[in-house]
Amino acid sequence: MMDLNSPITNLPKVGPILTRKFEKLGVASIGDLFYHVPNRYIDYSLITTISRLHPDETATIHAKIISIKNIYSKRGLKMQIGSVEDATGKIAVIWFNQPFLIKTLYPGRSVSLSGKVGFFGRKLCMTSPDYELLGDVEKPTVHTGRLVPVYPETSGLSSKWIRTLMLSAFGSLNLDSSDFLPEKVLTKLDLVNLKDAIQKVHFPKNLKEAGGGVERLAFNELLNLELTSLRRKINWKKNKVANKLIINKSEVNKFLDSLPFKLTNSQVTATAEILADLTKDYPMNRLLEGDVGSGKTVVAAAASFAVFLNGFQTIIMAPTQILALQHYQTFKKLLTPFGVKISLVTSDVKKADLGRQDVFIGTHSLIHNKVDFDRVGLVVIDEQHRFGVEQRKHLVKKSGTPHVLTMTATPIPRTVALTSYGDLDLSVLTEMPEGRQKVTTWFVPETKRDGAYVWIKTQIKNQIKNNKSQAFIVCPLIEDSEFETMADVKSVTTEFEKLKKILVGFRLGLLHGRLKPPEKDSVLRGFVDRKTDVLVTTPVVEVGLDIPNATIMVIEAAERFGLAQLHQLRGRVGRGMAKSYCLLFSNIKYSKRLRAMEKMHSGFELAELDLALRGPGEIFGTAQSGFPELKVASWNNYALIKKAKDTALDIVKNPSGYPKIGRMSDSEANLG
Ligand code: ADP
Ligand code: MG
């Protein structure tokens with residue numbers, strides 16, 4: 001028996017080649033296939049007769065081929081020209097560049113033709129209609145004569161293929177009792193059942209019906225996310241910490257009072273939330289979210305100090321060596337006066353050395369380190385999107401069941417935080433420390449590019465006397481992918497060569513992800529040490545890297561970035577005292593999104609705006625930002641997300657009301 005989980009190879013005519021193509025579309029099982037929803041529909045539902053066709057109308061006719069032949073136009077274009085008839089009349093038909101057509105559509109064959117009616121000379125004609133052979137037995141048409149779905153395609157896998165397969169899949173499965181939600185629940189939620197939804201999405205009678213089908217599939221997708229994170233949260237809370245911690249408020253306050261500044265209100269709140277978590281008997285799993293520069297580090301330092309006071313160790317994991325070093329210096333400055341021993345973990349540190357330390361700081365090499373951490377009370381993960389879930393699990397397992405604090409500067413929109421990160425408790429730093437300057441931001445259209453280079457040169461020159469100003473120039477990745485390709489490296493290298501000719505007399509550095517770690521470190525070091533004036537780079541510019549003397553951020557093809565990402569890049573400058581600028585280069589004339597960057601300076605607001613302005617599937621450069629991608633649902637659909645969240649909660653609370661999914665299976669129980 002085939003079901004939704006069966007691989008598509010179980011369907012007739014699906015071999016390895018087709019399977020690989022479907023893989024590119026994220027489709028492996030028959031269920032995946034049904035969740036591959038159309039981008040749009042072409043309305044071929046008007047079925048009429050030849051005598052009733054009007055110019056300019058889009059219609060479907062059922063007719064017989066009378067004649068067809070390949071001819072060449074004067075310009076050498078190959079055309080297929082013919083005529084068809086039904087009981088009411090005849091009409092000409094033309095296709096272009098499909099010489100093979102005459103092998104299928106030869107005289108005498110019955111066809112269904114859908115398309116726009118136009119003129120050929122003075123006669124009515126259908127130009128490049130979609131066609132489909134009609135057999136002797138009457139059956140519903142797939143590519144013509146209805147609301148025809150147009151799917152996301154990939155090379156060699158057209159909508160026509162997908163439609164054919166969709167029909168065969170739908171026909172070969174018995175979906176009558178496939179729904180995992182009881183009828184009663186569906187009625188309450190005002191959702192159609194699963195079988196109807198699949199039928200309505202792929203074989204709709206009208207657009208409204210299709211919309212209802214899509215809504216149900218979108219709901220399922222969201223419910224799945226909600227349930228996964230909810231169950232993860234429940235499982236997490238089943239963990240017990242090895243040793244309960246006690247917070248020594250007055251000692252922690254001594255540390256906070258020693259800081260050269262007053263904490264912001266949200267730093268105070270976040271610190272309190274974290275310290276409260278540390279006293280629980282299940283481990284903390286909290287996300288500390290705050291714009292670049294909002295001061296997450298001191299909050300983490302306060303937490304690690306509280307852990308130290310209990311005699312336990314803290315592990316701080318940074319995404320890069322350079323950032324680890326930066327944290328090391330900060331922590332040393334802040335905590336050494338209180339007797340805390342801090343250690344930067346590199347590959348050659350010995351086990352014996354580590355035993356006596358209180359705070360370890362390192363990169364993910366910490367995971368592979370031979371050292372067993374035995375007294376770990378807290379793990380802090382900086383910039384979580386750089387770490388895979390697997391790595392994180394590994395580290396947490398390796399160190400017992402410690403409290404986990406994850407920090408990120410990526411503004412996660414509310415809806416995303418509620419669904420995909422629903423298992424994490426959230427602390428948000430909503431304000432910047434006082435006196436922090438805003439980075440003046442300009443949208444720079446192509447016509448102003450030359451002027452901008454002149455301006456940059458003067459800026460660097462002017463400030464060079466007191467040794468202050470440096471610039472980043474960021475080039476986008478060519479394809480929207482998480483990793484850099486050779487093409488990206490080539491393009492940033494070309495840009496680098498070009499800029500050398502434009503910024504004559506300035507010292508340029510080149511940074512991209514394909515550099516070996518020592519090369520990368522040395523390029524970055526050169527910039528940190530002011531040996532270079534301009535750093536030309538792909539978007540790898542280290543997240544969180546603190547270079548106070550960099551005051552200019554230039555972003556090429558800025559329209560290709562999501563606002564959240566632009567905001568993060570902009571956060572690389574404006575970290576020192578000097579006035580800082582962000583220049584958004586773009587060859588488009590006007591962009592609402594880029595103009596918004598000039599006015600808005602909160603990462604959260606920008607992320608929400610981007611979500612509102614860009615459609616599903618294009619959420620702020622999903623692949624690059626590491627955000628979860630939705631196939632069917634949209635992050636903008638607050639109402640549906642709420643519905644899914646409430647349903648997930650209800651499922652967990654009243655499992656008996658949901659016989660098919662109420663109880664957690666073993667595999668699900670391991671998700672945490
Ligand atoms: P991020 O959240 O990006 O990690 P950091 O923790 O690196 O930010 O803090 C950025 C800078 O702001 C640091 O130099 C830090 O000492 C400083 N800082 C943090 N909190 C405050 C505050 N409340 N008032 C003034 N400066 C602060
Ligand atoms: Mg930081």
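Throughout, residue positions are numbered sequentially from 1 according to the sequence presented. First listed ligand is number 1; within each ligand, the first listed atom is number 1. All heavy atoms count here, side chains included; hydrogens, waters and symmetry mates do not.
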If I apply the N/O under 3.5 Å rule, does [X] come out as touching ligand 1?
X: Lys296; value: yes
X: Val298; value: no
X: Phe261; value: no

Original post:
At a 4.0 Å cut-off, with the gap strictly under it, does some heavy atom of Gly290 reach an atom of ligand 1?
Top reply: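 In this structure, Gly290 fails to qualify as a contact of ligand 1 - no heavy atom is under 4.0 Å.
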**OP:** Say whether Ala409 and ligand 1 are in contact under the criterion: heavy-atom distance to a ligand atom below 4.0 Å.
**Re:**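 For ligand 1, residue contact (heavy atoms, under 4.0 Å) with Ala409 is absent.
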Would you mind listing which atoms of ligand 1 come within a distance below 4.0 Å of any non-hydrogen atom of [X]?
X: Leu263; value: 23 (N)
X: Ser294; value: 2 (O), 8 (O)
X: Thr264; value: 23 (N)
X: Lys262; value: 22 (C), 23 (N), 24 (N)

Subject >> The single option from Ile555, Ile456, Ile473 passing side-chain contact (heavy atoms from CB on, under 4.5 Å) against Leu583 >> reply: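 When side-chain contact (heavy atoms from CB on, under 4.5 Å) is applied between Leu583 and each of Ile555, Ile456, Ile473, only Ile456 qualifies.
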Subject >> Between Asn549 and Gln470, a side-chain donor and acceptor under 3.5 Å >> reply: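 There is such a pair between these side chains.
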Original post:
Tyr328 and Lys332: side-chain donor and acceptor closer than 3.5 Å?
Top reply: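 Yes.
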Subject >> Proximity of Asp291 to ligand 1 by residue part, where a heavy atom lies under 4.0 Å >> reply: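 For Asp291, only backbone atoms sit under 4.0 Å from ligand 1.
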Original post:
Does ligand 1 have a heavy atom under 4.0 Å from the side chain of Thr297, from its backbone, from both, or from neither?
Top reply: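 Both parts.
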Original post:
When the aromatic ring centroids of Tyr453 and Phe585 are compared, is their separation below 6.0 Å?
Top reply: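 Close enough - the centres of the two rings lie under 6.0 Å apart.
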Original post:
Do Phe527 and Phe472 make the cut of ring centroids closer than 6.0 angstrom?
Top reply: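 Yes, the ring of Phe527 comes within the 6.0 Å limit of the ring of Phe472, centre to centre.
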In residues 276-283, what donor-acceptor pairs under 3.5 Å come from side-chain atoms, sequence neighbours left out?
residue, atom, partner, partner atom, Å
Asp277, OD2, Arg286, NE, 2.7
Asp277, OD2, Arg286, NH2, 3.3
Thr279, OG1, Ala276, O, 2.7

Original post:
Is there any side-chain hydrogen bond (donor to acceptor under 3.5 Å, both in side chains) pair reaching into residues 296-309, and which pairs are they, with sequence neighbours excluded?
Top reply: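 Counting only pairs at least two positions apart or across chains, no side-chain hydrogen bond (donor to acceptor under 3.5 Å, both in side chains) contact touches residues 296-309.
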**OP:** Report the relative orientation of the aromatic rings in His327 and Phe331; use parallel for angles under 30°, tilted for 30 to 60°, perpendicular for over 60°.
**Re:**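 Rings of His327 and Phe331: perpendicular, as their planes differ by over 60°.
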